[in-house]
Number of protein chains: 2
Amino acid sequence: MDPSIEKRLQQFIQSKGLRNTPQRNAIVEAIFSSDDHFTADDLWERIRKTKSLDSQSSRATVYRTISLLVEAGLLHEIDLGDDQKTYDPNFVDSPAHNHLVCIDCGKVIEFEDSHIQLMNDCAARRLGFRAERQTLKIEACCEKLRLHGRCENLINARIQGKRLPKRR
Amino acid sequence: MDPSIEKRLQQFIQSKGLRNTPQRNAIVEAIFSSDDHFTADDLWERIRKTKSLDSQSSRATVYRTISLLVEAGLLHEIDLGDDQKTYDPNFVDSPAHNHLVCIDCGKVIEFEDSHIQLMNDCAARRLGFRAERQTLKIEACCEKLRLHGRCENLINARIQGKRLPKRR
DNA sequence: GTTATTGCAAATGATTTGCACAAGG
DNA sequence: CCTTGTGCAAATCATTTGCAATAAC
């Protein structure tokens with residue numbers, strides 16, 4: 001877990017007069033020990049599977065901690081077109097990344113592109129605004145699947161029983 | 001209402017073996033007689049206010065008709081960071097537009113920019129994908145408000161009691 | 001007639017909240 | 001202590017669905 005996250009969280013906790021609890025710490029640890037996107041329920045499951053009893057916590061606390069981290073700016077809510085809210089723990093390390101979602105297998109790829117950022121800033125300025133935040137999601141087909149008829153991600157997704165993206 | 005929408009809808013209805021009903025027609029009319037974005041409830045209210053009895057319909061039918069239009073590709077679900085789903089009726093006329101949301105007053109501006117589209121396509125190709133659809137949302141501050149201390153949109157929003165954007 | 005459509009009310013499912021108890025500082 | 005945090009169960013709220021009645025075609 002990135003030490004700068006820990007520091008920023010402690011700062012936030014102190015400035016708000018909050019307390020340190022094992023449940024909250026375990027949830028924070030679970031979130032930032034992985035780069036994966038997750039839903040509230042994903043996270044709850046992940047924590048439930050932890051054998052150590054001291055890191056268990058209720059659904060309510062999971063939700064409350066997520067809200068806290070979003071408010072602190074350490075966690076971002078992203079739109080993957082799903083019914084549940086999805087969260088992305090990677091914005092502290094790369095504050096300006098975009099998402100590409102594979103239509104075939106649902107895999108999400110994060111990428112940065114300063115040119116895109118710049119063009120969007122210009123577009124905003126042209127409209128008389130100053131861009132504060134931008135969200136780009138590209139939904140795309142896997143070229144591997146199209147050209148070679150197979151894509152490991154798709155196969156893995158099927159094997160692991162992952163939710164495939166909704167048909168639109 | 002754009003005649004091409006009417007035509008495409010009729011095509012869709014026929015191809016699926018569906019029927020023509022006054023309720024559905026009234027809802028479709030209500031959606032495409034305006035450029036405004038809306039939630040399911042906005043739309044239901046709009047229809048309720050119609051005096052003519054023959055154009056009334058239940059919430060369930062409103063939801064069902066929205067789903068139908070989304071499935072037909074005539075209506076798009078967009079993410080404005082709200083709890084309810086928001087729909088945009090303008091994608092038939094301008095299939096590749098982006099959204100800029102004013103942080104100050106919540107106003108949503110639609111704009112097109114072929115350069116942005118192109119750059120995003122390139123970014124996708126560089127990652128080994130073929131972009132099918134892209135979603136860009138820019139959240140931005142009103143320069144008028146910043147430079148001149150006032151912005152008509154903000155003032156109008158307050159007067160009309162519109163939901164201001166959530167504080168983040 | 002046959003099958004899609006509607007309206008109602010009940011179900012669903014993710015998220016939030018009230019409250020009594022537990023536990024940081 | 002005093003106040004924040006937790007867990008539970010109940011409440012919310014948008015959206016979906018089962019079902020009986022209605023209306024297209």
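So you know, we letter chains A, B, ... as the sequences are listed, proteins then strands, and number each from 1. Nothing here was measured: the structure is a model prediction, and the numbers come from that model.
Taking A:Q134 as the reference, A:N120, A:D121 meet the side chain to side chain donor-acceptor pair (under 3.5 Å) condition, with sequence neighbours excluded. Scored by the side chain to side chain contact (heavy atoms under 4.5 Å, CB included) test, B:Q11 finds no partners at all (sequence neighbours excluded). The side chain to side chain donor-acceptor pair (under 3.5 Å) test applied to A:S4 returns A:D2, not counting sequence neighbours. With sequence neighbours excluded, the residues that form a side chain to side chain donor-acceptor pair (under 3.5 Å) with B:S58 are B:T61. The side chain to side chain donor-acceptor pair (under 3.5 Å) test applied to A:N20 returns A:Q10, not counting sequence neighbours. For the side chain to side chain contact (heavy atoms under 4.5 Å, CB included) test, residues two or more places apart in sequence or in another chain that qualify with B:A26 are B:S55. Checked against salt bridge (charged side-chain N to carboxylate O under 4.0 Å, His left out), A:D36 has no partners two or more places apart in sequence or in another chain.
Comparing the axis of the opening five pairs of the helix from C:dG1-D:dC25 to C:dG25-D:dC1 with that of the closing five pairs yields an angle of 30°, rounded to 10°.
Applying the salt bridge (charged side-chain N to carboxylate O under 4.0 Å, His left out) test to every pair with at least one member in residues 14-29 of chain B, sequence neighbours left out, gives these pairs: B:K16-B:E71. Counting only residues at least two apart or on different chains, the ring-ring contact (aromatic ring centres under 6.0 Å, His included) pairs with a member in residues 43-79 of chain A are A:H76-A:F91.
The CZ-C1' distance, from B:R24 to D:dC25, rounds to 13 Å in whole Å. Per the geometry, CG belonging to B:N25 stands 14 Å off C1' belonging to D:dA23, to the nearest Å. C:dA4 atom P lies 15 Å from atom CD of B:Q14, rounded to whole Å.
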Would you list the protein and nucleotides 23-25 of chain C atom pairs, both N or O, that sit under 3.5 Å from each other?
{"from": "C:dG24", "atom 1": "N2", "to": "A:R19", "atom 2": "NH1", "distance (Å)": "3.4"}
{"from": "C:dG24", "atom 1": "N2", "to": "A:R19", "atom 2": "NH2", "distance (Å)": "2.8"}
{"from": "C:dG24", "atom 1": "N3", "to": "A:R19", "atom 2": "NH1", "distance (Å)": "3.3"}
{"from": "C:dG25", "atom 1": "OP1", "to": "A:N20", "atom 2": "N", "distance (Å)": "3.1"}

Its contact letters, B for base, S for sugar-phosphate only and - for none at protein heavy atoms under 4.0 Å, make nucleotides 13-22 of chain D read -SBBBB----
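Phosphate proximity of D:dT6 to A:Q56: absent, as no side-chain N or O sits under 4.0 Å from OP1 or OP2. Between B:T61 and C:dG7 there is a side-chain N or O to OP1 or OP2 distance below 4.0 Å.
Heavy-atom distances to DNA chain D give each of B:Q23 and A:V62 a nearest nucleotide, and the one nearer the 5′ end belongs to A:V62.
With hydrogens and angles disregarded, no donor-acceptor distance shorter than 3.5 Å links the side chain of B:D82 to the backbone of B:Q84.
Salt bridge absent: A:D79 and B:K137 never bring a charged side-chain N and a carboxylate O closer than 4.0 Å.
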